[in-house]
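Below is one structure; the comments refer to it alone.
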Number of protein chains: 2
Amino acid sequence: MDKKAIAEQLKLDLLLCFSAYSLSHAFSRFYRPMLDKLGLTYPQFVVMMVLWENGKITMKALTDLVMLESNTLTPLLKKLEAAGLVKRTRNRDDERVLDIEITEAGLALKADGQMAAVELALASGEDIDGVMEMQQRMARMRDSVRAKLEAT
Amino acid sequence: MDKKAIAEQLKLDLLLCFSAYSLSHAFSRFYRPMLDKLGLTYPQFVVMMVLWENGKITMKALTDLVMLESNTLTPLLKKLEAAGLVKRTRNRDDERVLDIEITEAGLALKADGQMAAVELALASGEDIDGVMEMQQRMARMRDSVRAKLEAT
DNA sequence: CGAAATTCAATCGCGTGCGATTTAATCGTC
DNA sequence: GACGATTAAATCGCACGCGATTGAATTTCG
């Protein structure tokens, strides 16, 4: 069966992309009640996850880790700073660089935030091995697609 | 290992949610060059996918299929209508209902649109069976998480 | 029949994502 | 050392997502 024949069979609920798209939305909705209590949005939670692990990081390194750019992260980080969870300072050695550091208040959310991620895994319907396998295969697909796009 | 012990081990690149989140973004970015040629955004493509299959549908049925609400779809559909790809009309039998119908111009994009989805599957790094398995397991996780949230 | 409840779509406000551009700082090369 | 190239972050505009609300049409039930 060639590409065109496959294409003609495609329906929304058979699309790889729609499964990922709707899965990501479902995850975000599942988190919402828990993250609301912490005063975080889901993308803010992702950034906090990095800071809970690293404590301090540059904007550049953060963009690489979360795979979002400064045009998305700058306003988000300003909100986290306004909420007192993060401190933003220019790097002394290179004024182009923005250093981002977690505050005490930000660290205080770590346990609850990480617990939310565990609750999600438990709600996924997969056992621990299944969760790990899916996590790895989704990351592998992501990296494959990113590499293919880059190669264009 | 209990929940708390698991939580303490968690890093961003081990999170199920981040794999789904970054995968969905990567898919959207991969589609962009192809969809730009069709003048569609990724969410618009999802809606067109439904219309390529069904031709005509109500807003209510569409919200169920794509798992987005009218507050998201109303402006999106108005853009598709402005682009001449879709026709929006009130249902004669029940004025609350909005009927959405694909136009000739909308149908003309079907082959190229569906081909984009095939290109994505080919770029995923999985073989055909792997793509199908991942598609189904992601959909199953989504449905499980949705059910758990509903049960709250 | 008629008022209250329900259903459906639309509107509004806010927080992402992201292409495109801008501004500022540093680097590389002569 | 100077100046063009590069790099980092911020800014701007537009298109989602979605909670909350509104408004209009229909259904339900007394």
Side-chain angles (χ1 to χ4, degrees), chain A residues 17-18 20-33 35-36 38-48 57-64 66-83 88-100 146 149, chain B residues 17-18 20-33 35-36 39-48 57-64 66-83 86 88-100 146 149:
Chain A
C17 61
F18 182 69
Y21 177 68
S22 55
L23 176 63
S24 183
H25 286 160
F27 281 176
S28 173
R29 290 168 198 150
F30 183 84
Y31 273 129
R32 190 176 302 272
L35 294 185
D36 277 351
L38 305 183
L40 295 174
T41 64
Y42 174 69
Q44 288 167 7
F45 163 75
V46 168
V47 168
M48 291 305 292
I57 193 171
T58 65
M59 172 69 97
K60 176 71 178 130
L62 184 61
T63 61
D64 288 343
V66 304
M67 302 179 191
L68 296 170
E69 295 177 43
S70 69
N71 51 7
T72 296
L73 293 179
T74 293
L76 187 157
L77 287 165
K78 285 185 174 176
K79 277 167 204 120
L80 290 180
E81 186 172 44
R88 298 163 67 251
T89 46
R90 286 287 156 186
N91 187 299
R92 273 274 173 235
D93 297 339
D94 186 340
E95 290 278 340
R96 290 174 303 181
V97 173
L98 185 74
D99 288 322
I100 302 149
R146 281 163 61 89
L149 181 59
Chain B
C17 61
F18 182 69
Y21 177 68
S22 54
L23 177 64
S24 183
H25 286 159
F27 281 177
S28 173
R29 290 167 196 149
F30 183 82
Y31 273 130
R32 191 176 302 274
L35 295 185
D36 276 352
L40 294 174
T41 65
Y42 174 69
Q44 289 168 5
F45 164 74
V46 168
V47 168
M48 290 305 292
I57 194 171
T58 66
M59 171 70 96
K60 177 70 177 129
L62 184 61
T63 61
D64 290 343
V66 304
M67 302 178 191
L68 296 169
E69 295 175 43
S70 68
N71 50 8
T72 297
L73 292 180
T74 293
L76 187 157
L77 286 164
K78 285 184 176 178
K79 278 165 205 125
L80 290 180
E81 186 173 44
V86 148
R88 296 162 68 251
T89 47
R90 286 285 155 186
N91 187 301
R92 274 275 171 230
D93 296 339
D94 187 340
E95 289 278 340
R96 290 174 302 183
V97 173
L98 185 75
D99 289 321
I100 302 149
R146 280 163 62 89
L149 180 59

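Every chain is numbered from 1 and lettered A, B, ... according to where its sequence line falls, protein lines coming before strand lines. Bear in mind that the values here come from a model prediction, so they are computed numbers and not experimental data.
B/Arg90 places no side-chain N or O within 3.5 Å of a backbone atom of B/Asp99 that could act as its donor or acceptor partner.
Mapping A/Arg96 and A/Ser28 onto DNA chain D by nearest heavy atom places A/Arg96 closer to the 5' end of the strand. Between B/Asp94 and B/Tyr42, the residue whose closest nucleotide on DNA chain D is further toward the 5' end is B/Tyr42.
Across the protein-nucleic acid pair, B/Glu95 atom CD and D/dT27 atom C1' stand 16 Å apart, rounded to whole Å. Rounded to an integer number of Å, the gap from A/Leu62 CG to D/dA10 P is 11 Å. For the pair B/His25 NE2 and D/dA15 C1', the interatomic distance rounds to 13 Å; values are reported in whole Å.
Among B/Ile57, B/Ile100, B/Leu73, B/Val86, the one residue that satisfies the side-chain contact (heavy atoms from CB on, under 4.5 Å) test with B/Val47 is B/Leu73.
Aromatic ring pairs are classed by plane angle as parallel below 30°, tilted from 30° to 60° and perpendicular above 60°; the pair B/Phe45 and B/Tyr31 is tilted.
Extent of DNA chain C lying under 4.0 Å from chain A heavy atoms, first and last nucleotide in 5' to 3' order, is C/dG15 to C/dT26.
B/Leu40 has its side chain within reach of B/Leu80: a pair of non-hydrogen atoms, C-beta onward, lies under 4.5 Å apart. Between A/Leu77 and A/Leu62, some side-chain heavy-atom pair lies under the 4.5 Å cut-off.
As judged by a 4.0 angstrom heavy-atom cut-off over every strand, B/Thr72 is placed among the base-contacting residues. Using a 4.0 Å heavy-atom cutoff across all strands shown, B/Leu73 reaches no nucleic acid atom at all. Among the heavy atoms of the strands lying under 4.0 Å from B/Asp93 are primed sugar atoms or P, OP1, OP2 only; no base atom is included. Heavy atoms of B/Asn71 sit under 4.0 angstrom from at least one base atom.
Here the straight-line distance linking atom CZ of A/Arg96 with atom NZ of A/Lys60 works out to 11.5 Å at 0.5 Å rounding.
Phosphate contact (OP1/OP2 of D/dC16, side-chain N/O of B/Lys79, threshold under 4.0 Å): present. For B/Arg32 and D/dA15, the shortest distance from a side-chain N or O to OP1 or OP2 is not below 4.0 Å.
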Side chain to side chain contact (heavy atoms under 4.5 Å, CB included) between B/Gln44 and B/Leu35, intermediate numbers included:
CA-CA 9 Å; B/Gln44 289 168 5; B/Leu35 295 185; over 6 Å; no
